[in-house]
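Below is one structure; the comments refer to it alone.
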There are 2 protein chains.
Amino acid sequence: MKRDTREIPYDCPIEATLGLIGGKWKALILDHLTDGALRFGSLQRLMPKVTPKMLTQQLRELEKDGLVERHVYPVVPPKVEYELTDFGQTVLPILDAMCVWGREYLDDQRKKDRKKS
Amino acid sequence: MKRDTREIPYDCPIEATLGLIGGKWKALILDHLTDGALRFGSLQRLMPKVTPKMLTQQLRELEKDGLVERHVYPVVPPKVEYELTDFGQTVLPILDAMCVWGREYLDDQRKKDRKKS
DNA sequence: CTGTATCCGAGTCGATACTG
DNA sequence: CAGTATCGACTCGGATACAG
């Protein structure tokens with residue numbers, strides 16, 4: 001992800017996928033949005049370690065790539081919601097697969113760590 | 001991702017997964033190794049755009065994370081083969097899923113591009 | 001509330017040359 | 001053949017301050 005010459009089209013589908021969801025916080029954002037639309041502030045509270053700058057940047061890229069939709073409500077105070085598009089929904093199985101696999105990996109790691117100590 | 005503070009354990013399984021296979025060329029390397037062990041030079045020829053430095057770096061990380069095994073044959077000229085471990089094999093379904101999804105995305109993109117022109 | 005602007009250091013990556 | 005060493009450009013991302 002990053003990390004990417006995003007203008008040059010990807011030859012490899014795997015690279016393309018990583019380009020779309022491999023960004024530093026994208027998978028996490030996508031994950032949080034699975035339960036429904038969220039406001040900017042809510043996302044920030046869910047990911048305290050992400051600066052507003054990064055959050056905006058990642059959201060804009062997700063929007064550009066058609067995974068997320070941005071809804072602006074013309075009210076005061078400003079209200080903006082982010083929501084998965086239909087296309088965005090289609091990545092969820094991949095995210096799930098990564099989650100399952102990652103969890104097993106982490107469990108194994110922890111077992112090894114316990115053995116060592 | 002390189003992109004990673006690899007010493008700090010990942011809290012999120014998805015992040016962990018991306019940490020292991022999200023590196024700039026890792027998915028591609030893994031993909032090439034699915035058909036069997038390959039030598040350093042063969043990998044280089046399959047990925048001409050990857051410098052030896054990067055190839056070495058990515059391979060070492062894959063090795064450290066237990067996805068790939070490095071076999072050194074003490075002969076002249078030197079011969080080194082890289083091979084997926086059993087654990088490395090378990091990522092392949094994820095790679096496949098990303099590949100399928102990425103291909104559909106790329107196809108859609110191309111359709112849109114044709115419409116525009 | 002939802003961002004943007006600016007600065008700046010750390011890390012990444014390519015190019016090139018070289019080694020056992 | 002299979003790498004390593006070194007340099008430098010570039011990028012990423014954090015901190016901070018500010019704006020509509």
Side-chain angles (χ1 to χ4, degrees), chain A residues 1-8 10 12 15 18-29 32-33 37-65 68-83, chain B residues 1-8 10 12 15 18-29 32-33 37-65 68-83:
Chain A
M1 248 160 288
K2 178 194 13 162
R3 53 167 56 58
D4 335 304
T5 39
R6 205 163 297 273
E7 313 314 328
I8 297 165
Y10 296 100
C12 166
E15 295 290 307
L18 284 174
L20 295 192
I21 66 170
K24 191 157 199 205
W25 306 107
K26 290 184 185 174
L28 217 43
I29 293 172
H32 285 308
L33 289 179
L38 284 175
R39 302 182 57 170
F40 189 86
S42 310
L43 282 169
Q44 258 196 311
R45 253 168 276 118
L46 287 168
M47 302 176 284
K49 288 182 305 188
V50 186
T51 60
K53 173 185 161 186
M54 285 310 297
L55 187 52
T56 302
Q57 184 189 109
Q58 301 280 297
L59 283 168
R60 289 291 137 85
E61 289 187 11
L62 288 170
E63 190 190 359
K64 176 173 76 61
D65 293 330
V68 159
E69 249 169 3
R70 182 166 177 266
H71 302 290
V72 182
Y73 299 90
V75 298
V76 285
K79 175 177 173 181
V80 179
E81 278 190 342
Y82 295 91
E83 185 177 19
Chain B
M1 243 140 220
K2 82 292 281 245
R3 48 148 66 50
D4 333 303
T5 39
R6 204 164 297 273
E7 313 315 329
I8 297 164
Y10 295 99
C12 166
E15 295 290 306
L18 284 175
L20 295 192
I21 66 171
K24 190 157 198 206
W25 306 106
K26 289 185 185 173
L28 217 42
I29 293 172
H32 284 308
L33 289 179
L38 284 176
R39 302 181 59 169
F40 189 86
S42 310
L43 282 168
Q44 258 196 311
R45 253 168 276 118
L46 287 168
M47 303 176 283
K49 288 183 305 188
V50 186
T51 60
K53 173 183 159 188
M54 284 311 296
L55 187 52
T56 302
Q57 185 190 108
Q58 302 279 297
L59 283 168
R60 290 291 138 85
E61 290 186 11
L62 289 170
E63 189 189 359
K64 177 171 76 63
D65 292 330
V68 160
E69 249 169 3
R70 182 166 177 266
H71 302 289
V72 183
Y73 299 91
V75 296
V76 284
K79 176 177 172 180
V80 178
E81 278 190 343
Y82 295 90
E83 185 176 18

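In the text below, chain A, chain B and the rest are named by the order of the sequence lines, each starting its count at 1. Here the structure is a predicted model, which means the values were calculated and not measured.
For V76(A), the side-chain contact (heavy atoms from CB on, under 4.5 Å) test picks out no residue, with sequence neighbours left out. Residues passing the side-chain contact (heavy atoms from CB on, under 4.5 Å) test with K79(A) are R39(A), Y73(A), V75(A), E81(A), sequence neighbours excluded.
In this structure, K49(A) does not reach the dG13(D) phosphate: none of its side-chain N or O atoms is under 4.0 Å from OP1 or OP2. For R60(B), no side-chain nitrogen or oxygen approaches OP1 or OP2 of dA2(D) to under 4.0 Å. Close to dG14(D), at under 4.0 Å from its OP1 or OP2, lies a side-chain N or O of K24(A). For dC1(C), neither phosphate oxygen OP1 nor OP2 lies less than 4.0 angstrom from any side-chain nitrogen or oxygen of R39(A).
Contact of the L59(A) side chain with the E63(A) side chain is not registered, since no non-hydrogen atoms from C-beta on lie closer than 4.5 Å. Residues L55(B) and Q44(B) form a side-chain contact, since some pair of their non-hydrogen atoms from C-beta on lies under 4.5 Å apart.
Remark: C1' of dT4(C) and CD of Q44(A) are 13 Å apart, rounded to the nearest angstrom. Between the CG atom of L55(A) and the P atom of dA5(C) there is a distance of 16 Å, rounded to whole Å. Rounding to whole angstrom units, CD of residue Q58(B) and C1' of dG3(D) are separated by 15 Å. Between L28(B) atom CG and dC13(C) atom P there is a gap of 14 Å when expressed in whole angstrom units. The distance between atom CZ of F40(A) and atom C1' of dG20(D), rounded to the nearest whole Å, is 14 Å. The CE atom of M54(B) sits 13 Å away from the P atom of dT4(D) (whole-angstrom rounding). In this structure, the CG atom of L59(B) is 11 Å from the C1' atom of dG3(D), given to the nearest Å. In this structure, E61(A) places its CD atom 11 Å from C1' of dC12(D), rounding to the nearest Å.
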Would you please test V50(A) and I29(A) for side-chain contact (heavy atoms from CB on, under 4.5 Å) and show each step? CA-CA 10 Å; V50(A) 186; I29(A) 293 172; over 6 Å; no
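Listed by residue number, the members of residues 69-80 of chain A with any heavy atom below 4.0 angstrom from DNA chain C are R70(A), P77(A), P78(A), K79(A), V80(A).
If you find the closest nucleotide of DNA chain D to Q57(B) and to T51(A), the one lying nearer the 5' end belongs to Q57(B).
Closest to the side chain of K53(B), out of dG13(D), dT4(C), dC7(D), is dC7(D). In the set dG14(D), dG3(D), dT4(C), the nucleotide with an atom closest to the side chain of W25(A) is dG14(D).
Note that NZ of K24(A) is 7.0 Å distant from CE of M54(A), once rounded to the nearest 0.5 Å. Annotation: the span from R45(A) atom CZ to F40(A) atom CZ amounts to 11.0 Å, rounded to 0.5 Å.
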